Protein chains: 2
Amino acid sequence: MTDPKPRKTGSKPAESITFDEIDQRILDMLQQDSDTPVQAISEAVGLSANPCWRRIKRMEEAGLIKGRVALVDQTRANVPLTVFIGVSTSRHEIDWLKRFRALIDEIPEVLEAYRLTGTVDYILKVAVPDMASYDAVYKRMIERLEFSQVNSMISMEELKFTTAIPTKYL
Amino acid sequence: MTDPKPRKTGSKPAESITFDEIDQRILDMLQQDSDTPVQAISEAVGLSANPCWRRIKRMEEAGLIKGRVALVDQTRANVPLTVFIGVSTSRHEIDWLKRFRALIDEIPEVLEAYRLTGTVDYILKVAVPDMASYDAVYKRMIERLEFSQVNSMISMEELKFTTAIPTKYL
DNA sequence: TATGAAAGACTCCCATC
DNA sequence: GATGGGAGTCTTTCATA
């Protein structure tokens, strides 16, 4: 709002592809429902079908749209339980990180993992059927790698969940 | 593995719809790429196109497939920074929760929010361009609601990210 | 912008176990 | 009777002019 700067493209080699407000609105719609017909999108943004389709393709080629996926209901898929696990290690070595990465990659219950600043080194988001299954995942992890601390936070209720990131900074 | 029970359907009114290993494999593919042609899926699972399509439709109608969405690259969309915020409140009232829910709903940078057990009451996942933007979101929150504790965990690196939940418990 | 060709999605009906 | 396969129609995508 208070920033009139020309806006940097960020980290990428900067091919200086720009996107405007129409692209934002198209993205917003596709982030809600990726098989919204191009025709419907074009009408909503006040464009004819073809140029609208061209913009979508351009965003895909630029890598702005990473892909399209089906979202599965956790409860109906019998994995209603979401657990966040904060973990810390005393082994601050590149080899440990490598093995940690390999470990979480092969556990499908681990949906997300981030390396953090601060006291907690990593945070994981895990989806499991119940506490017993969670315990199995937990054991599988501490069996393979040393952790100095593991702190489980059980989700009792999902207040918000969206895969749609804000487009206003485009 | 060690559980030979007939498997409960969970919380829903239990229409007792069952899904088999073929459905699992179809789901796996659609969770990776939702516009994989039905034909390609059918070949992969050893079925002809029509019954394969029927299975997909059935999973959609059952609500197992919630929808299909486009995934946008955070970095290219200029929101490269992911922050987890652990918050606690001293106001354990239904009205506070209601207002909290409304608040996070209107902040598009808040992608996810969960109510937790344990010492931390809620955890939020937020996507922003930089620390300044994060601070703006933070201020917007504490301006509107009382928190007894707010603990920000900044992500330095995304080790894993997938929207594909495990299908082996189906 | 409009037209058209090609591909894929969806429907109906028949065959089979 | 439930499930899989096959042919035909129709929408949607994509490349012309």
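This is a predicted model, so every value here is computed, not measured. Residue numbers start from 1 in every chain, and the chains themselves are labelled A, B, ... in the order their sequence lines are given, proteins ahead of strands. Heavy-atom basis, side chains included; hydrogens, waters and symmetry copies ignored.
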Looking at [Y] and [X], is there a salt bridge between them, counting it only when a charged N and a carboxylate O are closer than 4.0 Å?
{"X": "A/Arg91", "Y": "A/Glu146", "result": "yes"}
{"X": "B/Glu61", "Y": "B/Arg54", "result": "no"}
{"X": "B/Lys125", "Y": "B/Glu109", "result": "no"}
{"X": "B/Asp35", "Y": "A/Arg68", "result": "yes"}
{"X": "B/Asp135", "Y": "B/Lys139", "result": "yes"}

**OP:** Please name all residues satisfying side-chain contact (heavy atoms from CB on, under 4.5 Å) with B/Ile22, sequence neighbours left out, ordered by chain then number.
**Re:** B/Asp20, B/Ile26, B/Val45, B/Leu47, B/Arg55
Original post:
What nucleic acid atoms does B/Arg58 come within less than 4.0 Å of, heavy atoms only: base, sugar-phosphate, or nothing?
Top reply: nothing
**OP:** Could you tell me whether the side chain of B/Arg54 has a donor or acceptor atom within less than 3.5 Å of a complementary atom in the base of D/dG5?
**Re:** yes
Subject >> Earlier contact from the 5' end, DNA chain D, for A/Lys57 and B/Pro51 >> reply: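 Final value for this comparison: B/Pro51.
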Original post:
Are B/Tyr114 and B/Tyr122 close enough that their ring centers fall under 6.0 Å?
Top reply: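 Ring centres of B/Tyr122 and B/Tyr114 not closer than 6.0 Å.
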Subject >> Residues in contact with DNA chain D, drawn from residues 31-49 of chain B - heavy-atom cutoff 4.0 Å >> reply: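 Within residues 31-49 of chain B, the residues near DNA chain D are B/Leu47, B/Ser48.
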Subject >> Along DNA chain C, first and last positions that approach a heavy atom of chain A under 4.0 Å >> reply: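 On DNA chain C, the outermost contacted nucleotides are C/dT1 to C/dA2.
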Original post:
In whole angstroms, how far is the C1' atom of D/dG8 from the CH2 atom of B/Trp53?
Top reply: 15 Å
**OP:** For the pair A/Tyr138 and A/Tyr134, name the ring-plane relationship: parallel under 30°, tilted 30 to 60°, perpendicular over 60°.
**Re:**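 Answer is tilted, since the angle falls between 30° and 60°.
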